[in-house]
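Remarks on the structure that follows.
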Amino acid sequence: MQYNHKEIEKNWQKFWADNQTFKASNESEKPKYYVLDMFPYPSGAGLHVGHPLGYIASDIYARYKRHKGFNVLHPQGYDSFGLPAEQYAIQTGQHPAKTTEENIKTYRRQLDQIGFSFDWSREVRTSNPEYYKWTQWIFIQLFNSWYNKDSDKAEDISTLEKVFKKEGNATVNAVCDEDITVFSADEWKEFSKTEQEEILLQYRLTFLSDTEVNWCPALGTVLANDEIVNGVSERGGHPVVRKKMTQWSMRISAYAQRLLDGLNTIDWPQPLKDSQTNWIGRSQGAMVSFQVDVASEKSTSEVKLSYKELEALKELRQNLSKAETTLWNELKNKKGASKFRKKYTIATFLVDYVCIAKNLIVEFSGKEDEEARTESFHKNGFNVIRFTNEEVLQNVVKVVSEINFAIQFPQVIGESAEETEVKDENKYKIDVFTTRPDTIYGVSFMTLAPEHELVSKITTDAQKAEVEAYIKATAKRSERDRMADVKTISGAFTGAYAIHPFSGEKVQIWIGDYVLASYGTGAVMAVPCGDQRDYDFAKHFNIPIPNIFEGVDISEAAHTDKEGTVIANSDFLSGLKYKKALKLAIYEMEKRGFGYGKINYRLRDAVFSRQRYWGEPFPVYYKDGMPQMIDEKHLPIVLPEVEKYLPTEDGKPPLGNATEWAWDSRGKKVVSNDKLKNKTVYPLELNTMPGWAGSSWYFNRYMDATNSTEFASKESLDYWKEVDLYIGGSEHATGHLLYARFWQKFLFDKGIVPVDEFAKKLINQGMILGTSAFVYKADAFVKSGCSLSSSFDDIKAKIPTIFVSKDLFSNDDEFENVVIEYLLNQKIVNQQESELLTIIKSNIHSDVSLVNASDELDVEGFKSHPLNADYKDAKFILENDVYKVGREVEKMSKSKYNVVNPDDIVAEYGADSLRLFEMFLGPLEQTKPWKTSGISGVSSFLKKLWKLYFKGDQFEVSEENATKDELKTLHKTIKKVEEDIENFSFNTSVSTFMIAVNELTALKSNKREILEPLLVLLSPYAPHITEELWRLLGHTESISTVPFPIFEPKHLVESAKNYPISFNGKMRFTLELSLDLSKEEIEKTVMAHEKTIAQLEGRTPKKVIVVPGKIVNIVG
RNA sequence: GCUCAAGUGGCGGAAUUGGUAGACGCGCUGGAUUCAAAAUCCAGUUCUUUCGAGAGUGUGGGUUCGAUUCCCACCUUGAGUACCA
């Protein structure tokens, strides 16, 4: 019986589908294992051989885990909302739902014929209302939440309202908008409903705000930062401009630190973690305020601390009494504006606790100089409250509430009021963020972004013209130009000066477009000696470059090293190294009140609105201009039908075309826009959600995919918990994988999911490249200048298109010679004419299907190929009667004619061969080229395997006991294959199978004892052929859950070893010796051997190294 | 520029607690079978060679009895990222 892959594969695919073989149960005695592939977008082009690579790997692992006794969840579905379907709809008028459905059908057919063990009963599609109902539901949960920095998690918005009602917002420590105004509880109660909602929006985790967005006019939508590559849209490569729009945003910045910390707990590839770390962009430094000089006055504060005193303080802080510890435990968790510090110097006194932002000192009473202290504190603008040890120990809660009260209602102090007046005079200040506060004495100027709001206010009359001209010039340059051109240094002096907060010196304020308005505060303190950009700027404009590094030459470039550098010329920082100077600088800034330590993140809040049709509608309507959530029991809000998918004429998103798109708040349903004049009917949101909305939580839905009453049941979430193995491409590093982690952490905070990282282990499969085939075409040009009987055109017309086989030339000159020789030999041109010819070579892609394994072109096929109509009459210069093509590895793409469709491979070689070959290509994570010719190797391996079970045409296995050699082969294979799968080294296990089959063929083995377990080993890789042979062996059940064979080391025990005998580390010959021999016996035998004597040529070895069971090395 | 990864036959690749470099497969060469081709089977296939042997894992050093594997410097390629203060 011949191995007929077509019939076998079709039958078993039908069997698995009919019997729901791979349906996972949510209840099982077995341990669970969840294997997931990254959500595919069903594109119109279908799959090429690169796509299934990851699916095959995950399928092998899933099948392996089933053999190992796990209850395996291995689902698949479609991320079916998205831009391509909509672009297609705009072009053709076809509903995206229809084209998406067709594309999914193609995908499903292609996936099915590769024999994946997916549990299709759990299939999800993001564009299905039953699914996006829950995407909308999560959006509502985000809307109803705020981020409490004190508890460091998301909480329900009602807890925030409660605080507002009770004590206003002064004590709230939340992640929120930056321009929050402080209000009291009474003020809150006085606010109108709309005002209250506006304030709450500033705190919600998803919020509506006017943001600068990346607007892509060609696509008619905004794009997220990760959807832009090199300043143009990732899809289509269209230009992107900055534009202010009212948009929904996600407060992902609240999770910046946790997203960073979480990376340490998950087994993901390092490059992927690195790019997330990079994207989040944490930088630790300080915020420093520089006053703009109006009346030139000197800073007065002269209190400084030496480093020794600082160290002494540190020690004190660690030795707190019990009462101190109790109170500190309560105070230390306060963050942000009401953050407390312990053992701090205020004026000349060391205080117990101080909240610098609120000017409040908390002390233990009973200090000798209490009166003097109080007076001094008041003079410096601080309030002080005191408690006894007993008060703290007996009722710390009461003490804390008194402290809170004091924070909220600060006692007005005379002196500080006076100071405020002084400050009012100097009302402009420039805040900067710096990662190098240690270099603050190196500041010789400041640079503002041209867009900085202070620019217009501080520019002097004399400089006005220059500054305005510069701003105009910058505005003309696009964002892309600015990014591309980093070499041109440009800027303008504002004429204004800032006061150096430490030295009191005046420093020039410049504007320059190397400072970005969107990062940090849009201003920098320039330290030209320590930052190359500042250095270049200073050099260009002749600004002084003070050197504050000890023994460092800065005449050529800035000195950016931190480690090992000692600070100089910096007053109290002089003589300190980077780390200590950094700490002391921040300490002094905080003490003097013009700066504080701060951590900055590059991660911006994510824009969540898209002006597109084919996405999830928001469950939102607008009442008095304020967004209102539709109650979850009325979900899903189904995407309305529209006439056309383009924006409306007045520039509204496509949903503006819908006629049934208003919310009847009384009837609780979507109604016709005609009813909008009714008082209880409101307009619905016209934006839709971005592509990443549906894919940020789908892995949870698979756990309970058909649940219509819940996102997923608690039991199923608790059972499956997280994805154990997630396989997909590295292109999702900063998009999907960051947003999904963010949502998971949010859902975790809200108690909806049981874990805060959704995927324990992740593997990035490498790309499969195409091997393009080239033919070499000769283009003839006729040189002018010579008079001939025939015209140039006549000569050209005589010359046919010529292709030259690859190995006939090695450079362009040889190519020309070959062609001209051919023309002469064929008598196409005469000698005289040939001298006028110039031959130019051009490389043309040939369709790879026209080329065989030996790089030989099917010439007739090439001529008659529809793409090559121009070359129908072309001539081919052959070598040894064949035309050889050139090969080059390139990305697999239609335009390069190197795309290989898995359908063709499956039809010719079968799914099992495809699966084996994709794994055999090389390590999973690595990028590697596809060359169809190699598949014959795995194909003949399967035929050889098949033959082991047959005698002639008859299926026949022997029931005899296996021999020692047979068992050795089997157990060697079990061991290696098991190790390989666990290490995701699938390519080497395919080799192992080949070796096993080669050995068993050589042994003429046909014992059931060997051939049965062999099938189980192979079945994850080649499920169809193994099912078929398993059935022929007499089994009625599927092979898929048969226990994996157990490795027994006893079969590999050897009595002798073929020792490599090396001389000076080089192996010269091998010698079979018993493993029972001792070191000495081995040495003796080896030294006595004739080959050893021959090698030594009479020399006496200096040393003989014997490692029993391994090697013998003779030195000398 | 910065960060990361990788450099092994004609090709894909294998071998790392440091111990026989090139497993397995493709391709190639020769042979068997065949009228012939395909398929199949057998033998060979890193390079050099005076057929004794010698050299060899990007380059140059180092550690070691012994290095593809560990350390240092450099070169090349690929990926990501980029006025991030």
Side-chain angles (χ1 to χ4, degrees), chain A residues 229-230 269-275 277-279 281-283 285 432-436 439 447 449 482-487 489 512-516 518-527 530-534 536-537 600-602 730-731 733-734 764 766-767 771 852-855 887 889 916-917 920-923 925-941 943-944 947 985 987-996 998 1001 1057-1071 1094 1101-1107 1109-1116:
Chain A
V229 178
N230 295 329
Q270 198 54 43
L272 200 162
K273 289 187 185 183
D274 289 347
S275 74
T277 306
N278 210 324
W279 196 261
R282 182 186 201 268
S283 51
V432 298
F433 177 73
T434 174
T435 53
R436 297 291 303 274
T439 62
T447 315
R482 252 173 94 169
M483 289 215 296
D485 176 25
V486 298
K487 287 205 180 87
I489 296 162
D513 69 0
Y514 80 97
V515 175
L516 303 179
S518 55
Y519 184 74
T521 60
V524 300
M525 57 174 229
V527 184
D531 181 287
Q532 194 56 46
R533 289 155 307 165
D534 295 343
D536 295 340
F537 195 84
N600 235 20
Y601 299 94
R602 197 174 70 116
S730 55
E731 67 273 17
T734 48
N764 285 132
M767 215 187 346
T771 311
N852 74 5
S854 309
D855 295 346
R887 291 288 202 174
V889 173
L916 283 167
F917 186 54
F920 188 63
L921 281 177
E925 295 95 328
Q926 211 167 289
T927 303
K928 54 218 168 250
W930 174 278
K931 229 177 143 182
T932 304
S933 56
I935 203 169
S936 64
V938 292
S939 175
S940 57
F941 155 73
K943 284 181 204 157
K944 265 194 208 169
K947 273 193 205 154
S985 174
N987 54 327
T988 49
S989 43
V990 177
S991 303
T992 307
F993 289 129
M994 290 177 172
I995 294 166
N998 287 348
T1001 303
K1057 155 94 190 167
N1058 200 18
Y1059 277 91
I1061 312 299
S1062 312
F1063 293 82
N1064 297 320
K1066 287 259 161 223
M1067 200 278 290
R1068 289 303 174 225
F1069 62 92
T1070 58
L1071 188 58
K1102 284 193 196 118
K1103 206 170 174 185
V1104 178
I1105 301 203
V1106 178
V1107 184
K1110 282 249 163 102
I1111 197 171
V1112 177
N1113 190 17
I1114 298 163
V1115 186

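Chain naming here is simple, since letters A, B, ... match the order of the sequence lines and numbering starts at 1 in each.
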Side-chain donor-acceptor pair present, [X], [Y], cut-off under 3.5 Å:
{"X": "A:Lys944", "Y": "A:Asn998", "result": "yes"}
{"X": "A:Asp536", "Y": "A:Tyr514", "result": "no"}
{"X": "A:Ser989", "Y": "A:Thr992", "result": "no"}

From C-beta outward on [X], which listed nucleotide comes closest to its side chain: [options]?
{"X": "A:Thr434", "options": "B:rA85, B:rC83, B:rG25", "answer": "B:rA85"}
{"X": "A:Val515", "options": "B:rA85, B:rC65, B:rA23", "answer": "B:rA85"}
{"X": "A:Ser933", "options": "B:rC4, B:rC26, B:rC24", "answer": "B:rC26"}

Separation between the [atom1] atoms of [N] and [M], rounded to whole Å:
{"N": "B:rG62", "M": "B:rA23", "atom1": "C1'", "value": "31 Å"}
{"N": "B:rC42", "M": "B:rC24", "atom1": "P", "value": "13 Å"}
{"N": "B:rU8", "M": "B:rU3", "atom1": "C1'", "value": "26 Å"}
{"N": "B:rA36", "M": "B:rG52", "atom1": "C1'", "value": "46 Å"}
{"N": "B:rA53", "M": "B:rA43", "atom1": "P", "value": "25 Å"}
{"N": "B:rA21", "M": "B:rA73", "atom1": "P", "value": "29 Å"}

Checklist entry - Under 3.5 Å, side chain of A:Ser1062 to main-chain N/O of A:Asn1064, donor-acceptor pair present? => result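 Judged by distance alone, no pair lies under 3.5 Å.
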
Checklist entry - Any donor-acceptor pair under 3.5 Å linking the side chain of A:Lys928 with the backbone of A:Pro923? => result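 Judged by distance alone, yes, a pair lies under 3.5 Å.
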
Next on the checklist: For RNA chain B, please output the secondary structure as dot-bracket, reading 5' to 3'. Pairs are Watson-Crick or G-U wobble, both atom distances under 3.5 Å; mark crossing pairs with [ ], other-strand partners with |, unpaired with a dot.
Outcome noted: (((((((..(((......[....)))((((((.......))))))(((....)))..(((((..]....))))))))))))....

Checklist entry - OP1 or OP2 of B:rG25 sitting under 4.0 Å from any side-chain N/O of A:Asn998? => result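 Yes, such a contact exists.
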
Next on the checklist: Under 4.0 Å, heavy atoms only, any strand: does A:Asp855 hit a base, just the sugar-phosphate, or nothing?
Outcome noted: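 No contact.
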
Checklist entry - Contact class for A:Arg282 (heavy atom, under 4.0 Å): base, sugar-phosphate, or nothing? => result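 Nothing: the residue A:Arg282, judged by heavy atoms under 4.0 Å, touches no strand.
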
Item to check | RNA chain B: 5'-proximal contact among A:Gly937 and A:Ile1114 (nearest heavy atom) | outcome: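 Nearest nucleotide further toward 5': that of A:Gly937.
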
Quick one: which protein N/O atoms are closer than 3.5 Å to N/O atoms of nucleotides 14-21 of chain B? Pair and distance per line, please.
{"unit_1": "B:rA14", "atom_1": "OP1", "unit_2": "A:Asn987", "atom_2": "ND2", "d": "2.9"}

Checklist entry - When syn is taken as a glycosidic angle within 90 degrees of 0, is B:rG18 syn or anti? => result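 Anti conformation here, the glycosidic angle of B:rG18 being more than 90° from 0.
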
Checklist entry - Syn or anti for B:rG52, with syn set at within 90° of 0? => result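 Judged by the O4'-C1' to base torsion, B:rG52 sits in syn, the angle falling within 90° of 0.
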
Next on the checklist: Working note: A:Phe941 + A:Leu916, criterion side chain to side chain contact (heavy atoms under 4.5 Å, CB included); need CA distance, chi angles, decisive distance, verdict.
Outcome noted: CA-CA 10 Å; A:Phe941 155 73; A:Leu916 283 167; 3.8 Å; yes

Checklist entry - Looking at the rings of A:Phe917 and A:Trp930, which for Trp means the six-membered one, are their centres under 6.0 Å apart? => result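 Ring centroids of A:Phe917 and A:Trp930 are less than 6.0 Å from each other.
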
Checklist entry - How close or far is atom C1' of B:rG12 from atom NZ of A:Lys928, stated in whole angstroms? => result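 For the pair A:Lys928 NZ and B:rG12 C1', the rounded distance is 10 Å.
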
List, with names and distances, any nitrogen or oxygen atoms from the protein found under 3.5 Å away from nitrogen or oxygen atoms belonging to nucleotides 36-43 of chain B.
none

